[in-house]
There are 2 protein chains.
Amino acid sequence: MSIDTTAAPPTRLTSTSYLVLGLIEREGPSTPYELKRHVAATIGHFWSFPHALLYKEPARLVELGLLTEEREAEGRRRRLFTITVRGRAAIRAWLAKPAHEPTELRDAGLLQLFFADLGSTDDCRALAVAQLAIHRAALARYEDDRRGDRGLNGSDAAARTVEHWRGVTLPMGLLYERAAVEFWERVFWEGVADDARR
Amino acid sequence: MSIDTTAAPPTRLTSTSYLVLGLIEREGPSTPYELKRHVAATIGHFWSFPHALLYKEPARLVELGLLTEEREAEGRRRRLFTITVRGRAAIRAWLAKPAHEPTELRDAGLLQLFFADLGSTDDCRALAVAQLAIHRAALARYEDDRRGDRGLNGSDAAARTVEHWRGVTLPMGLLYERAAVEFWERVFWEGVADDARR
DNA sequence: GACATATAGTCCAGACCATACCATACTGCT
DNA sequence: AGCAGTATGGTATGGTCTGGACTATATGTC
């Protein structure tokens, strides 16, 4: 046992921690607002991190010595966070230890489908239509993203992060959305046919 | 607007609420423990609902008048929850209004991949191997489930729920896991080739 | 009776979350 | 200059969630 390598730090690092550390490591010193924008342009497409968290988390990481903070004295009083040597070490340690948790797939539509037998056939049909609209839209957006129709607008910022997202992580989103479209089309055509009988 | 049909209930109903209501509606009066087992056998495969929640949520629903509670006077002092007329109405209203939220895909492995450029090539390769193991295992388990190798063991309980899961919702799990295997195989063979360049 | 395992439920601190709110900066119009 | 409107940037609040660790009852079995 004794899994913790750091002799009981105040709190464990979460996915959010590594997200923040990773973005700052890749993009350099950042404000929470910048983190928020980078997240929205990339991983936020399918894993929502509430922005309040992206303001709170860096403060925690400062306490843990993984980031340092400077703050504008006037005006917006922006906070600028910079990664420390220990912060870099933390990321690399994390990357060297592959995650073993299974994927969490939280989908309200799927939950409704799970209970579709309690409603009407029409409800189920309407659900399939709504879900198809959602997933087709997501698919189209991802395909645009991949072609780079976006990510250029706005600013030069986040170039590395957006590029890396586009090439490496976004393809999973595409695969997922294609699967979802296929799935809901089947639901639409076959209904909840309870073809599980037999 | 005025979306709420019930004149400002203390709190809104969440996915968990509908999960609890739906299970009780389908399976009849249930204890939290039974809910927990039904969840574990079905939707819990990819959407984790911490068990503490399945003990707390019914109490809230009682306050809202959607369930009633009886409690054993002695021994385990189990709580048995029964759905009310208003509870049934709440479910049907929910089913009649298709969800419009996008899927949340929370995957620690994918997050690591998103930052794979900050680590070594070996780390990335190891990550792909680990993820392949996870997703292949999940795929195999789902395929067993579909064939009905499980769900019979243990008890007769949850027959309807498990059947419905198997026929209707599980196929999405299968599609997802197949996509994931395909994805991670590509990562394994191509590495994070940064083939995003041009 | 002693021990192990499965069943059933409770508790809690800390983290999370949505949401509303506050403040500063820029932009264009008159 | 004055003002409105919008985008930028950040904070506050309180309920909710979370993951353990913990307690206790029942069943078996040596």
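Each chain gets a letter, A, B and so on, in the order its sequence line appears, and its residues count up from 1. Computed from a prediction, not measured in an experiment: that's the story for all the values here.
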Can you identify which nucleotide, out of C/dT7, C/dT10, D/dG10, has its nearest atom closest to the B/Arg37 side chain? C/dT7
Using whole Å, what does the distance between atom P of nucleotide C/dA8 and atom OH of B/Tyr33 come to? 5 Å
Atom-pair distance (NZ on A/Lys36; P on D/dT8), nearest Å: 9 Å
Partner residues of B/Arg125 under the salt bridge (Lys or Arg N to Asp or Glu O under 4.0 Å) criterion, sequence neighbours left out: none
Give me the distances for all protein-to-nucleotides 16-19 of chain C N/O pairs that come in under 3.5 Å?
residue, atom, partner, partner atom, Å
C/dC17, N4, A/Lys56, NZ, 3.0

Results of salt bridge (Lys or Arg N to Asp or Glu O under 4.0 Å) for B/Arg92 - residues two or more places apart only: none
Which residue pairs pass the salt bridge (Lys or Arg N to Asp or Glu O under 4.0 Å) test when at least one of the two sits in residues 43-59 of chain B, sequence neighbours left out? B/Glu57-B/Arg60
Given atom CG of A/Leu54 and atom C1' of C/dA15, what is their separation to the nearest angstrom? 14 Å
List the atom pairs, donor and acceptor, that lie under 3.5 Å between side-chain atoms in residues 128-139 of chain A and the rest of the protein, sequence neighbours left out.
residue, atom, partner, partner atom, Å
A/Gln131, OE1, A/His135, NE2, 3.3
A/His135, ND1, A/Glu177, OE1, 2.6
A/Arg136, NH2, A/Glu185, OE2, 2.7

B/Tyr55 vs C/dG9: side-chain N/O to OP1/OP2 distance below 4.0 Å: yes
Presence of salt bridge, A/Glu25 and A/Arg88, under 4.0 angstrom: yes
Determine: side-chain N/O of B/Arg78 to OP1/OP2 of C/dT7, distance under 4.0 Å, yes or no. no
Which atom pairs, one a donor and one an acceptor, fall under 3.5 Å between side chains of residues 101-114 of chain A and the rest of the protein, sequence neighbours left out?
residue, atom, partner, partner atom, Å
A/Thr103, OG1, B/Asp107, OD2, 2.5
A/Thr103, OG1, B/Tyr176, OH, 2.9
A/Glu104, OE1, A/Arg106, NE, 3.0
A/Glu104, OE1, A/Arg106, NH2, 3.2
A/Glu104, OE1, B/Ser48, N, 3.4
A/Glu104, OE2, B/Ser48, N, 3.3
A/Glu104, OE2, B/Ser48, OG, 2.7
A/Asp107, OD1, A/Gly109, N, 2.7
A/Asp107, OD1, A/Leu110, N, 3.0
A/Asp107, OD2, B/Thr103, OG1, 2.5
A/Gln112, OE1, B/Ala99, N, 2.9
A/Gln112, NE2, B/Trp94, O, 3.0
A/Gln112, NE2, B/Lys97, O, 3.3

